[in-house]
Structure formats: structure tokens, C-alpha cells
**Student:** 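Have a look at the structure that comes next, please.
Each chain gets a letter, A, B and so on, in the order the sequences are listed, and its residues count up from 1.
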Protein chains: 2
Amino acid sequence: MNVIIAGMGTDSRERMVRSAAYLFRERGYSGTGFRDVIAHSGAPRGSIYHHFPGGKVQLAEDAVRYAGDFLDAGIRAAVEGGDAASAVDAFAGWWRGVLVKSGFRAGCPVVAVTVESHDDAPQLVKASADAFGRWQDTLATGLENAGASPERAARLATLIVSSVEGATILCRAERCLRPLDAVVAELKEITRTAVD
Amino acid sequence: MNVIIAGMGTDSRERMVRSAAYLFRERGYSGTGFRDVIAHSGAPRGSIYHHFPGGKVQLAEDAVRYAGDFLDAGIRAAVEGGDAASAVDAFAGWWRGVLVKSGFRAGCPVVAVTVESHDDAPQLVKASADAFGRWQDTLATGLENAGASPERAARLATLIVSSVEGATILCRAERCLRPLDAVVAELKEITRTAVD
DNA sequence: GGTTGACCATGACGATCGTCATAGCGACCC
DNA sequence: GGGTCGCTATGACGATCGTCATGGTCAACC
């Protein structure tokens with residue numbers, strides 16, 4: 001039987017969400033069909049609209065939320081027990097692993113959903129904004145604790161998220177880690193001077 | 001009749017390429033069908049595979065190249081007759097205009113194609129890498145002329161392209177210019193200290 | 001132990017996807 | 001003026017898309 005924990009659904013439901021997030025990273029939102037999610041997750045076809053009455057949009061919404069929560073927890077853990085540079089390392093290091101492990105074929109699922117969202121699915125835009133916002137808030141808190149002013153910390157957090165996400169895209173195009181490494185080097189220099 | 005200029009195709013062919021680049025910015029690659037391109041460009045349906053024997057992939061390839069050339073020319077013009085900060089303004093200012101004019105619904109077509117490309121279309125990855133590479137080269141040249149060292153100029157150019165592209169995505173999600181403004185403020189500060 | 005309800009198997013719906021074949025148009029060349 | 005060729009109109013192909021209805025299974029609860 002399935003043990004239901006508050007906030008978490010069935011096994012197959014969660015597998016679908018995780019697979020959707022995984023597949024979005026490589027093929028994007030429109031490029032990923034329900035059949036792909038079923039095949040990748042091994043979840044049953046018949047219960048799609050039982051778990052996701054809102055259809056594909058709801059699945060994508062949950063996938064974005066899942067990715068947002070997952071990465072935010074990683075950033076938070078690295079920020080709580082490290083210096084300012086570890087905030088950058090935690091965020092960039094995760095995407096470096098995604099790039100290498102996928103052979104530069106995968107990127108950020110939140111980015112994928114954002115750049116494809118039309119007007120008839122505003123929930124997706126909101127979910128993406130939530131994820132990006134939480135990442136920035138967590139990073140900004142870490143930078144403040146390291147000694148940066150609140151205003152500067154907020155601006156730097158936005159720069160970190162923007163540049164690392166952008167560098168991840170450039171890495172996929174160039175099929176190498178050079179852009180991400182260059183960005184991280186500059187970011188570390190900036191954060192170092194900002195916390196003094 | 002159609003006046004054929006070297007490197008440029010028919011009117012309807014070029015309209016299709018431009019429309020594809022335009023539509024990719026809002027709906028992405030997989031989210032944009034040939035029928036959308038036909039409707040938006042007013043081009044005839046029957047000549048799709050006359051102008052693009054390679055099908056949708058070739059159309060996207062040309063769209064990425066078109067966007068790459070177009071923006072590179074803008075950056076080059078701004079870099080040639082300005083200081084180091086104008087390089088940032090030229091690049092970021094273009095995307096600011098795209099965001100505002102589209103109501104935060106459009107982004108970068110090169111990004112859209114990159115994050116959706118699978119293995120069966122490596123031409124698209126290469127075309128994207130070319131566009132990103134040219135933008136970085138042009139910006140780096142401008143930074144070098146302003147006084148930055150070649151190595152630092154290359155790293156900064158990568159940071160500029162990455163962070164502005166990333167900020168554009170964040171702006172679409174948050175539906176405001178705050179991320180881009182924050183990034184531009186930090187970038188100007190960095191480039192100012194780098195050219196001294 | 002009968003009933004409820006969460007969950008899944010199966011198959012199909014209409015729409016749209018990228019692709020292509022065929023026929024025909026009109027301008028140009030010899 | 002007959003023929004060639006760039007370009008377009010039209011319609012269809014099979015595949016796949018998201019969506020949903022129906023019927024069934026099995027554990028849980030009164």
C-alpha cells in the first residue's frame with residue numbers, strides 16, 4: 001500500500017512529477033508529451049487525470065514547484081554552514097553536475113517552462129517566479145549574513161541566479177563548462193569584495 | 001519580381017525566417033508550428049519545402065542565425081563608438097525593449113532553441129553556439145579597446161551575455177524589469193573597475 | 001461483508017503536428 | 001513561341017498530441 005504523507009501524493013504521482021521535471025530539462029515543455037512522462041516514470045497511463053485534473057499544465061506546475069523546492073533546500077543547506085562563496089558554489093555546482101551528467105543535454109526545468117509559457121497558462125509563470133524568487137531570497141540572506149548590505153545582497157543574488165542560469169544555457173550550446181567557470185570566477189570575486 | 005541579393009532569399013522566405021524568430025521568442029521551438037509561421041508571416045504554404053528542404057530544423061537554424069546576426073550588428077555599432085558601459089547598454093537595452101514591447105511575453109529566440117534541442121538536430125546547437133560566441137567576441141573586443149586585458153575581457157563578455165540572458169528569463173517570470181535593472185547596475189560597476 | 005473510493009488498464013476522441021505530392025502559375029531564356 | 005524553372009495553391013498522408021470515458025481491481029472503513 002501507499003503511505004500518504006501530508007503534501008505528498010502517491011508514489012506514481014510523485015514519479016510523474018519528477019520525470020516531468022527531468023524531461024523538461026532536456027526537451028522543454030512543449031517538447032515533452034504525456035506519453036514521454038509515462039514511459040520515463042513507469043507510471044500508469046490511466047491515472048493521469050486522476051492525479052492531475054488540470055492536465056499537462058498542472059503537471060508542469062508541480063514539476064516547477066518540485067524543482068524549486070529541491071534546489072532551494074540545497075542552497076539553504078550550503079548557505080547556513082559556509083561563507084559567502086559557498087552560496088555561489090552551491091548554486092553553480094548543482095548545474096555543473098546536471099550539465100556534465102547529461103552530456104550538456106540538460107538544463108534548468110524552470111527556465112524551460114518560463115521561455116515557453118503563453119497567456120493561457122499563467123500558473124506556470126507564477127510557479128516559475130516563485131522558484132526564482134525563493135532562490136534569490138535564500139542567496140540574499142546568505143550574503144547578508146556574510147556582511148553585505150541588504151540592498152547589495154538582493155542585487156547580487158539576482159546577478160548570481162541570472163548569470164548562472166544564463167551560463168548553463170551557454171554551456172549547453174558550446175558543449176563545455178567554460179561559460180559557467182568564467183561566470184563563477186567573476187561572481188566569487190564580486191561577492192568577496194561585497195562582503196567587506 | 002523579386003530582387004535577389006546575395007545571401008538573401010525570396011521575400012516570403014525571409015518573412016518566414018523573421019516570423020519564426022519572432023514566434024520562437026514567445027512560444028519556443030516545439031510550441032511554434034509551421035502553420036503559426038505561415039499565418040504570422042503571410043507567406044504561402046506551398047513553398048515551405050521549396051525554401052526549406054531541411055524542414056523545420058532548417059527554418060529554426062536560419063532563424064537563430066538571423067537573430068544572431070541582427071543582434072551582433074547592434075552590439076558592434078554600439079561598441080565601436082562608445083565607452084565600455086555602452087557595450088552593456090547595447091546588449092541589455094535591446095532585451096529591455098523586447099520585454100516591454102511584448103508585455104514580458106517574449107525573450108531570446110536563441111535561448112528558446114537551445115533549451116529545447118535534442119540530439120537529432122545538432123545543427124541547432126551549433127547555430128546557437130555561433131550566435132552566443134559572436135556576441136561574446138564582439139563584446140570582448142569592445143572591452144579590450146576600453147582597456148581591459150584580453151583574458152578579463154573574455155570572461156566579462158561571457159558574464160554579460162550569461163547574466164543578461166538569464167535576467168531576461170527572470171523578467172518574464174516576474175513580469176517586471178527589476179532583475180534586468182539589477183544585473184545591469186552590477187555589470188556596469190564591474191566593467192568600470194575592469195577597464196582601469 | 002457490503003460499500004465506498006482511490007487507483008489503474010484500455011481504448012478511443014478530435015485536433016494538430018511535420019511532411020510531402022501533385023498540379024498549376026507566370027516570368028524568363030533560346 | 002516552345003520550353004525551362006522558380007514559386008505557389010491545394011489537399012492529403014501517417015503520426016502524435018492532450019484529453020477523456022468506461023470498466024475494473026483492491027484495500028479500507030462502517
**Student:** Indicate whether the side chain of Arg172(B) and that of Thr114(A) have a donor and an acceptor atom separated by less than 3.5 Å.
**Tutor:**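 The criterion, which ignores hydrogens and geometry beyond distance, is not satisfied for Thr114(A) and Arg172(B).
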**Student:** Tell me: NZ of Lys56(A) to P of dT19(D), nearest whole Å?
**Tutor:**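 Atom NZ in Lys56(A) sits about 8 Å away from atom P in dT19(D).
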**Student:** Measure from CZ on Phe34(B) to C1' on dA15(C) and round the result to the nearest Å.
**Tutor:** 19 Å
**Student:** Is a donor-acceptor pair below 3.5 Å formed from side chain Arg45(A) to base dG11(C), judging by atom type as modelled?
**Tutor:** yes
**Student:** Under 4.0 Å, counting only non-hydrogen atoms across every strand here, what does Thr32(B) touch: a base, just sugar-phosphate, or nothing?
**Tutor:** sugar-phosphate
**Student:** Check for me, please, whether Leu159(A) and Val79(A) land in the same ILVMFWY cluster - side-chain distances under 4.5 Å, paths through other members count.
**Tutor:** yes
**Student:** Taking the side chain as C-beta and beyond, is there a heavy-atom pair between Glu174(A) and Pro179(A) under 4.5 Å?
**Tutor:** yes
**Student:** Please determine whether a side-chain nitrogen or oxygen atom of His50(A) lies at a distance below 4.0 Å from atom OP1 or OP2 of dA6(C).
**Tutor:** no
**Student:** If I take atom CG in residue Asp11(A) and atom C1' in nucleotide dA6(C), what distance separates them, rounded to the nearest angstrom?
**Tutor:**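 After rounding, the gap between these two atoms is 14 Å.
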**Student:** For the pair made of CG in Asp36(B) and P in dA15(C), what is the distance, rounded to whole Å?
**Tutor:**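 So the CG-P distance, Asp36(B) to dA15(C), works out to 17 Å.
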**Student:** Check the distance between dG11(D)'s P and Ile48(B)'s CD1 and give it to me in whole angstrom.
**Tutor:** 16 Å
**Student:** Would you mind reading off the distance between Glu61(A) atom CD and dG18(D) atom C1', rounded to a whole angstrom?
**Tutor:**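 Rounding to the nearest Å, CD of Glu61(A) and C1' of dG18(D) are 17 Å apart.
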**Student:** Taking only N and O in the side chain of His51(A), is any of them less than 4.0 Å away from OP1 or OP2 of dA6(C)?
**Tutor:** no
**Student:** With DNA chain D as reference, determine whether Arg35(A) or Gly46(A) sits nearer its 5' end, using the nearest nucleotide of each.
**Tutor:** Arg35(A)
**Student:** Please tell me whether Leu187(A) and Leu71(A) are part of a single hydrophobic cluster in this structure, the criterion being side-chain heavy atoms less than 4.5 Å apart.
**Tutor:** yes
**Student:** Between dC20(D) and Tyr49(A), is there an OP1 or OP2 to side-chain N/O distance shorter than 4.0 Å?
**Tutor:** no
**Student:** Is there a side-chain contact between Ser47(A) and the phosphate of dC7(C), meaning an N or O under 4.0 Å from OP1 or OP2?
**Tutor:**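 No, no such contact exists.
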**Student:** With distance as the sole criterion, is a donor-acceptor pair present between the side chains of Arg178(B) and Thr158(A) under 3.5 Å?
**Tutor:**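 Looking only at side-chain atoms, Thr158(A) and Arg178(B) do form a donor-acceptor pair, the distance falling under 3.5 Å.
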**Student:** Rounded to the nearest Å, what distance is computed from the CD atom of residue Glu14(A) to the C1' atom of nucleotide dC7(C)?
**Tutor:**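 Whole-Å distance recorded here is 17 Å.
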**Student:** Which nucleotide, dT8(D), dC8(C), dC17(C), lies nearest any side-chain atom of Pro44(A)?
**Tutor:** dC8(C)
**Student:** Taking OH from Tyr29(B) and C1' from dC17(C), how many angstroms apart are they, rounded to a whole number?
**Tutor:**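 Nearest whole value for this atom pair: 12 Å.
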